[in-house]
Amino acid sequence: MKKILIINGPNLDMVGIREPGVYGSQTLSSINCEIKSYTESVGIDCDFYQSNCEGAIIDKIHSVLNDYDGCILNAGAYTHYSYAIRDAISSVNKPFIEVHMSNVHSREEFRHVSVISAVCKGVISGFGKNSYILAVKALEEII
């Protein structure tokens, strides 16, 4: 059975509370339950990880090398400036899909730039919680 990891970065533990007009009213835990239900239905094992700490996210990215077939990453604000996370993704040599719940290109200018996109297989943005399901479908095709 294929196995994937979904990593959520800073402030995503506040989904459902933080800016519900942007991120929706469901909690991350609730969204993860929906994702888990979908992955089980298509025969993929899925683990979840969330951290507000850059180093912890990097350590978890490194675990993809030996423990997973691919990864979905919502790096939150780290998307826009963490070259350390970019380098971690590059070092793993497994497919990563960059995900954002909001359409980052319709928001503040600083959100338009991603330093991690170039080392990911693709980017899915703007479909709320469904961005994760679309990313799972994309990974299904390449792992």
Side-chain angles (χ1 to χ4, degrees), residues 2-65 67-92 94-143:
K2 297 293 185 183
K3 187 173 183 180
I4 65 170
L5 176 64
I6 299 178
I7 299 174
N8 283 287
N11 298 308
L12 288 158
D13 56 329
M14 300 301 289
V15 168
I17 298 168
R18 175 186 173 216
E19 298 180 81
V22 174
Y23 299 105
S25 58
Q26 275 187 280
T27 65
L28 184 60
S29 177
S30 174
I31 292 168
N32 287 348
C33 286
E34 289 186 33
I35 297 166
K36 186 72 164 181
S37 178
Y38 176 76
T39 59
E40 287 175 350
S41 76
V42 296
I44 295 175
D45 190 15
C46 180
D47 291 335
F48 299 92
Y49 181 77
Q50 189 280 323
S51 179
N52 296 315
C53 301
E54 185 178 30
I57 292 168
I58 290 167
D59 289 341
K60 200 63 176 176
I61 289 170
H62 291 169
S63 78
V64 173
L65 180 62
D67 299 336
Y68 298 94
D69 297 298
C71 184
I72 295 166
L73 173 62
N74 184 339
Y78 289 135
T79 299
H80 314 294
Y81 64 87
S82 180
Y83 294 104
I85 287 176
R86 182 191 195 283
D87 290 347
I89 295 167
S90 291
S91 70
V92 170
K94 294 279 179 92
F96 278 69
I97 307 290
E98 178 185 340
V99 165
H100 302 283
M101 294 176 71
S102 68
N103 177 354
V104 293
H105 298 287
S106 68
R107 298 185 66 198
E108 302 92 341
E109 185 73 27
F110 76 89
R111 295 185 196 277
H112 299 186
V113 176
S114 168
V115 300
I116 66 172
S117 292
V119 294
C120 292
K121 286 289 186 187
V123 179
I124 299 173
S125 172
F127 296 98
K129 65 181 182 181
N130 292 321
S131 293
Y132 294 98
I133 299 296
L134 292 168
V136 171
K137 289 179 180 187
L139 272 183
E140 280 181 271
E141 299 294 321
I142 60 177
I143 60 173

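Because only heavy atoms are used, hydrogens play no part in the values below, and waters and symmetry mates are left out as well, while side chains stay in. Given the structure is predicted, the values throughout are model-derived calculations rather than measurements.
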So which heavy atom on G9 is nearest to which on I57, and how close?
CA-CD1, 3.7 Å
List the residues meeting side chain to side chain contact (heavy atoms under 4.5 Å, CB included) with D87, not counting sequence neighbours, and say none if there are none.
none
Going by salt bridge (charged side-chain N to carboxylate O under 4.0 Å, His left out), name the pairs with one or both residues in residues 71-84, residues two or more places apart or in two chains.
none
Nearest heavy-atom contact between I85 and S82 is N-OG, 3.0 Å
Value rounded to 0.5 Å, distance of CD1 in I31 from CE in M101:
4.0 Å
Considering residues at least two apart in sequence or located in another chain, which fulfil the side chain to side chain donor-acceptor pair (under 3.5 Å) criterion with S30?
Q26
Do any N or O atoms from the side chain of N52 and from the backbone of N11 form a donor-acceptor pair under 3.5 angstrom?
yes
Could I get the full list of salt bridge (charged side-chain N to carboxylate O under 4.0 Å, His left out) partners for E40, not counting sequence neighbours?
none
Who are the side chain to side chain contact (heavy atoms under 4.5 Å, CB included) partners of D45, not counting sequence neighbours?
M1, K3, K36
With sequence neighbours left out, which residue pairs that include part of residues 133-143 fulfil the side-chain hydrogen bond (donor to acceptor under 3.5 Å, both in side chains) condition?
Y38-E140
Start with the C-alpha distance between I61 and C71, add both sets of side-chain angles, then the distance that settles side-chain contact (heavy atoms from CB on, under 4.5 Å), and finish with yes or no.
CA-CA 8 Å; I61 289 170; C71 184; 5.6 Å; no
Whether the side chain of K94 engages the backbone of L65 through a donor-acceptor N/O pair (distance < 3.5 Å, no angle test) should be reported.
yes
Here the gap from L5 atom CG to F96 atom CZ, rounded to the nearest 0.5 Å, amounts to 7.5 Å
Gap separating the CG atom of N74 from the CD1 atom of I124, nearest 0.5 angstrom
11.5 Å
If you define the side chain from C-beta out and look only at heavy atoms, does anything of I35 sit under 4.5 Å from F48?
yes
Tell me every residue that passes side chain to side chain donor-acceptor pair (under 3.5 Å) with S131, counting only those two or more places apart in sequence or in another chain.
none
S90: partners by side chain to side chain contact (heavy atoms under 4.5 Å, CB included), with sequence neighbours left out
R86, V119
Looking only at heavy atoms, the pair that brings P95 and I143 closest together is CG-CG2, 3.7 Å
Return the minimal non-hydrogen interatomic distance between A88 and V92, and the atom names on each side.
O-CG2, 3.2 Å
Tell me whether S102 contacts the main-chain N or O of G128 through its side chain, where contact means a donor paired with an acceptor under 3.5 Å.
no
Nearest heavy-atom pair of I116 and A75: which atoms, and what distance?
CD1-CB, 4.1 Å
Can you sort out the partners of S117 under side chain to side chain contact (heavy atoms under 4.5 Å, CB included), two or more places apart, ordered by chain and number?
E98, S114, V123
Where is the tightest heavy-atom contact between I6 and C46, given as atom of each residue plus distance?
CD1-SG, 3.7 Å
Those residues that, when tested against Y78, pass ring-ring contact (aromatic ring centres under 6.0 Å, His included) (two or more places apart)
Y81
Working to the nearest 0.5 angstrom, can you tell me the gap between I89 CD1 and I58 CD1?
9.5 Å
Straight-line distance of E34 CD to I133 CD1, nearest 0.5 Å:
7.5 Å
When rounded to the nearest 0.5 angstrom, what is the spacing between NE2 in H100 and OG1 in T79?
4.0 Å
Would you say I72 and V136 make side-chain contact, with heavy atoms under 4.5 Å?
yes
Under the rule for side chain to side chain donor-acceptor pair (under 3.5 Å), what residues qualify as partners of Y49, not counting sequence neighbours?
none
